[in-house]
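So you know, we letter chains A, B, ... as the sequences are listed, proteins then strands, and number each from 1.
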Amino acid sequence: MLQDAARLKVTRDDAIILVEFTHRKILDEANIVEIGDQLVALIESEHRPKVIISFAGVDHLSSAALGTLITVNNKIRNHDGQLRLCNIQPQIFEVFVITKLNKLFRIYPTIKEAKESLEPQNQKGVV
Amino acid sequence: MRLGKTGLHHSGTNVTPSSALWLRMDIPSDLRRLQDVEEAVLSQCQRYCYTNRDLFALKLAIDEAVANAIKHGNRSDSEKHVHIKYRVTPHRADVVVEDEGPGFNPAALPDPTREEHLEALHGRGILLMRAFMNNVVYSPTGNAVTLTKFNDSPRTMESAVVLCQA
């Protein structure tokens, strides 16, 4: 099933929700509130969601986007789900390293590796 | 002299071979106008072959500084403006972002990389500015910040213009 909710591309595959961004400036300050609302709405109705967010094609993000990702991570954790990030280009990955958020998020090079990292039996608190 | 929607106008009186005019623009407290500031500064940097890494760093720092000015300085008050002044040479880019708020003490902010703050939703903008810029200096009142980025691969002004426009 493919949904095109504004600037998010959401694909569901075998209980895994893959989120991709359709615009390279999607995580700019001007867009982030709307994107955050869409991501939270996506997760809100899910039980134990397994979510992969791919940053392919994204060439910028702001600290507000990091705050949004933390909110999404907390939502997923509250729903006993798992979140993985992937396809993060080196300059953006550096942002995660500087803020030490690479310790908070589980980040993988590719969607395939992110999928493989998801645990079949969700455990509470595992993100 | 005002140019276009961004309210861009030239300032300063003299230019020397190694310097450039300070340019100014004022924007209302509207995050949608951030893009105007980025484009104004980065288009100048591109003339001088600033590296993609430098451009990424400047865009990030400008985003953070202007967003802070709008959200925290001006409290998103549509009656208030953010005043930007910038100067780009082949060797360095300086951007001054000033809001109309009361200012703050950046030294009083908690370290967002500490474990107890790692999941905080805000407070990383200044950390990122400092990480990606060569210099970040706040005014004594805290309502203006000067960002400085040196060009990683400086060329002379003449050769840069020729090469980048080729």
I'd like to verify something: which residue of [options] has the highest number of heavy-atom pairs under 4.5 Å with chain A?
options: K71(B), R32(B), H122(B); answer: K71(B)
options: D30(B), L127(B), T113(B), L31(B); answer: T113(B)
options: N52(B), I70(B), L118(B); answer: L118(B)

Discussion item. Between I126(B) and Y138(B), does the side chain to side chain contact (heavy atoms under 4.5 Å, CB included) criterion hold? Intermediate values first, please.
Written reply: CA-CA 10 Å; I126(B) 295 174; Y138(B) 276 88; 3.4 Å; yes
Worksheet, complete the sentence: Counting heavy-atom pairs under 4.5 angstrom with chain B, the leader among S63(A), G67(A), S62(A) is S63(A)
Side chain / backbone / both / neither for [X] at chain A, heavy atoms under 4.5 Å:
X: E119(B); value: both
X: L60(B); value: both
X: A57(B); value: neither

Worksheet item: Going through the checks in order, is the side chain to side chain contact (heavy atoms under 4.5 Å, CB included) test met by R92(B) and T148(B)?
Response: CA-CA 7 Å; R92(B) 61 186 284 169; T148(B) 300; 3.5 Å; yes
Discussion item. Do the side chains of E39(B) and K59(B) get close enough for a salt bridge, i.e. N-O under 4.0 angstrom?
Written reply: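 No, this pair does not count.
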Worksheet item: Going by atom types only, do H83(B) and D26(B) share a side-chain donor-acceptor pair under 3.5 Å?
Response: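 Indeed, the side chains of H83(B) and D26(B) share at least one donor-acceptor pair under 3.5 Å.
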Worksheet item: Side chain, backbone, both or neither: which part of I92(A) has a non-hydrogen atom closer than 4.5 Å to chain B?
Response: both
Worksheet entry | Closest non-hydrogen atom pair between P49(A) and I76(A), with its separation |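 That would be O-CG2, 4.1 Å.
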Practice prompt. Fit a plane to each ring of F93(A) and F96(A), take the angle between them on a 0 to 90° scale, and name the class: parallel (under 30°), tilted (30 to 60°) or perpendicular (over 60°).
Written response: parallel
